[in-house]
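I am attaching a structure below and will ask some questions about it afterwards.
Just the heavy atoms: all of them, side chains too, but no hydrogens, waters or symmetry mates, feed the values below.
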Amino acid sequence: MERAIRFRDEPNINGTGGPLSTMVAMEFPEVRKASTREGAAERRADAQRNRQRILTAARRLYATEGLGISMAAVSREAGVGKATLFRHFATVPDLVSAAFAEQMDAYVLATQEALAEDDAWWGFIRYVITVCEMQAGDRGFADVLTTALPGSADFEARRVQAYEGFLEVVERARSTGHLRDDFTSQDLILVLFANAGVVAATASEAPESWRRLIGHLIRGFAAEGAPTPSLPTPPDDEALYRAMTRDAPVAIRRR
């Protein structure tokens, strides 16, 4: 008996522990259960950390580069293997919808706040400015607002909720007589497309340029005599020129 308890705790061939570990597990099953629970908790915590690293990396890349970033680029940025990424997010829509869940909630909230405005016309104006500002603050979300994600039912349901709310915003604004009769909900989609283009082209050199565009568009949506916000200051000439030449071929920039 004395020789048995003095065994060295060498690992078994499968790496699960030596004779002493086996004896402890047999004599004290509650120790084995506690160890199993601790191991499972550690694996869950590790998985959660990896998920958060992936989402942080995806948001960072989407915000600066747009939705064209590959899953491989996200895994590199997050410092995890591709297999780990795909265990958490099997498809691109899964990753995009998780990365922008909070922004989509804010998009829905913007509609609700517009509907809560006492003055329906100014509620419409503030809604358009708020949504375009959300686009300007995150290039990825600018793409999300003009890109359907049919593989993500919950995300698309939130988009539909926001869109249906916007239809009500439009009707309330039209009832004031300040919104043109020929404005349609499709015009908002065109606004988002146009704003996304301006944001992408001027973000690094003239990041406030979008405000001037939206100011002009709001004036275009207003019926004759309707009050409108003051037109924002135009972007600086030199900043706009830098934005225009930023992506031009080297040969053109040198002329």
Side-chain angles (χ1 to χ4, degrees), residues 63 66-67 97 100-149 154-203 205-237 239-240 243:
L67 297 186
S97 60
F100 291 105
E102 292 184 5
Q103 287 95 324
M104 185 55 73
D105 287 343
Y107 185 40
V108 173
L109 180 61
T111 306
Q112 296 169 346
E113 291 177 343
L115 291 172
E117 284 280 353
D118 291 335
D119 188 317
W121 168 238
W122 286 102
F124 169 85
I125 291 173
R126 290 194 181 100
Y127 173 82
V128 172
I129 294 174
T130 296
V131 173
C132 290
E133 189 169 26
M134 291 173 65
Q135 279 190 306
D138 189 321
R139 183 176 172 183
F141 194 59
D143 290 346
V144 165
L145 287 179
T146 55
T147 304
L149 296 175
D154 290 343
F155 195 79
E156 286 304 301
R158 297 292 275 167
R159 188 199 301 276
V160 170
Q161 181 182 357
Y163 180 73
E164 290 177 347
F166 176 68
L167 294 180
E168 188 174 350
V169 171
V170 169
E171 289 309 311
R172 290 182 73 240
R174 202 191 316 276
S175 70
T176 67
H178 294 323
L179 179 63
R180 290 174 50 148
D181 288 335
D182 57 358
F183 179 89
T184 70
S185 59
Q186 290 89 339
D187 291 325
L188 175 66
I189 307 301
L190 297 178
V191 169
L192 295 179
F193 273 123
N195 193 51
V198 170
V199 168
T202 64
E205 303 296 342
E208 297 298 305
S209 298
W210 68 271
R211 295 186 184 277
R212 181 80 172 182
L213 168 69
I214 301 308
H216 279 300
L217 291 177
I218 288 173
R219 291 187 170 202
F221 300 150
E224 185 175 355
T228 58
S230 299
L231 198 60
T233 304
D236 178 74
D237 283 342
L240 268 187

task = List the atom of R159, the atom of L149, and the distance in Å for their closest heavy-atom pair.
result =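 Minimum heavy-atom separation between R159 and L149: NH2-N, 4.2 Å.
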ask   = Around atom CG of D154, are there more than 12 heavy atoms of other residues, nucleotides or ligands at under 6.0 Å?
value =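 12 or below, so no.
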task = Under the salt bridge (charged side-chain N to carboxylate O under 4.0 Å, His left out) rule, collect the residues that match up with D237, sequence neighbours excluded.
result =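 In terms of salt bridge (charged side-chain N to carboxylate O under 4.0 Å, His left out), with neighbours along the sequence ignored, D237 is linked to no residue.
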Interatomic distance, F221 atom CZ to F183 atom CZ [nearest 0.5 angstrom] =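 Rounded to the nearest 0.5 Å, the CZ-CZ separation comes out at 5.0 Å.
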ask   = Does the pair V131 and F166 meet the rule for a side-chain contact (heavy atoms from CB on, under 4.5 Å), with working shown?
value = CA-CA 11 Å; V131 173; F166 176 68; over 6 Å; no
inquiry  = Nearest 0.5 angstrom please: N195 CG to M134 CE, how far?
reply    =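 Reported to 0.5 Å precision, the distance equals 12.0 Å.
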task = Measure from the side-chain N and O atoms of Q135 to the backbone N and O of L192, and report whether any donor-acceptor pair falls under 3.5 Å.
result =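 At least one qualifying donor-acceptor pair exists.
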query = If every non-hydrogen atom of D105 is compared with every non-hydrogen atom of R158, which pair is closest and at what distance?
reply =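 The pair with the smallest heavy-atom distance is OD1-NH2, 2.6 Å.
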ask   = Which residue pairs pass the salt bridge (Lys or Arg N to Asp or Glu O under 4.0 Å) test with at least one member in residues 210-224, sequence neighbours excluded?
value =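 The answer is E133-R211, E208-R211.
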key: Contact summary for P229 and I218, nearest pair of heavy atoms   =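 The answer is CD-CG2, 4.2 Å.
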key: Residues which pass salt bridge (charged side-chain N to carboxylate O under 4.0 Å, His left out) with R172, listed by chain and number, not counting sequence neighbours   =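 Expected list: none.
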message = On a heavy-atom basis, which atom in A201 and which in A243 lie closest, and how many Å separate them?
response =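 Between these two residues, the closest heavy atoms are O-CB, 3.5 Å.
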query = Considering only heavy atoms from C-beta outward, does the side chain of F155 approach that of V144 to under 4.5 Å?
reply =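 Result yes, sub-4.5 Å side-chain heavy-atom pair found.
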ask   = Any side-chain heavy atom of Q112 within less than 4.5 Å of one from L109?
value =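 A side-chain contact under 4.5 Å exists here.
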request  = Output the distance between atom CD1 (I125) and atom OG1 (T130), rounded to the nearest 0.5 Å.
outcome  =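 Here the interatomic distance stands at 11.5 Å.
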task = Locate the shortest heavy-atom distance separating I129 from I214; write the atom from each residue and the value.
result =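 It is CG1-CG2, 4.3 Å.
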query = Hey, what do you get for OG1 (T228) to NE2 (H216), rounding to the nearest 0.5 Å?
reply =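 Rounded to the nearest 0.5 Å, the OG1-NE2 separation comes out at 11.0 Å.
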ask   = Can you tell me how far the CG atom of D187 sits from the CZ atom of R180, to the nearest 0.5 Å?
value =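 Nearest 0.5 Å value for the CG-CZ distance: 9.0 Å.
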inquiry  = Checking side-chain contact (heavy atoms from CB on, under 4.5 Å) between F124 and each of W122, Y127, W121, which is the one that passes?
reply    =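 So the option named by the test is W121.
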task = Please round to the nearest 0.5 Å and tell me the distance separating atom OG of S185 and atom OH of Y163.
result =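 These two atoms lie 2.5 Å from each other.
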request  = Please tell me if the side chains of L240 and S209 come closer than 4.5 Å, counting only heavy atoms from C-beta onward.
outcome  =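 SC-SC contact between L240 and S209 confirmed.
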ask   = Which heavy atom in A223 sits nearest to a heavy atom in G177, and how many Å separate them?
value =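 Heavy atoms only, the tightest pair is CB-O, 3.4 Å.
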task = Go through the steps for Y107 and M104 under the test side-chain contact (heavy atoms from CB on, under 4.5 Å), then give the verdict.
result = CA-CA 5 Å; Y107 185 40; M104 185 55 73; 3.4 Å; yes
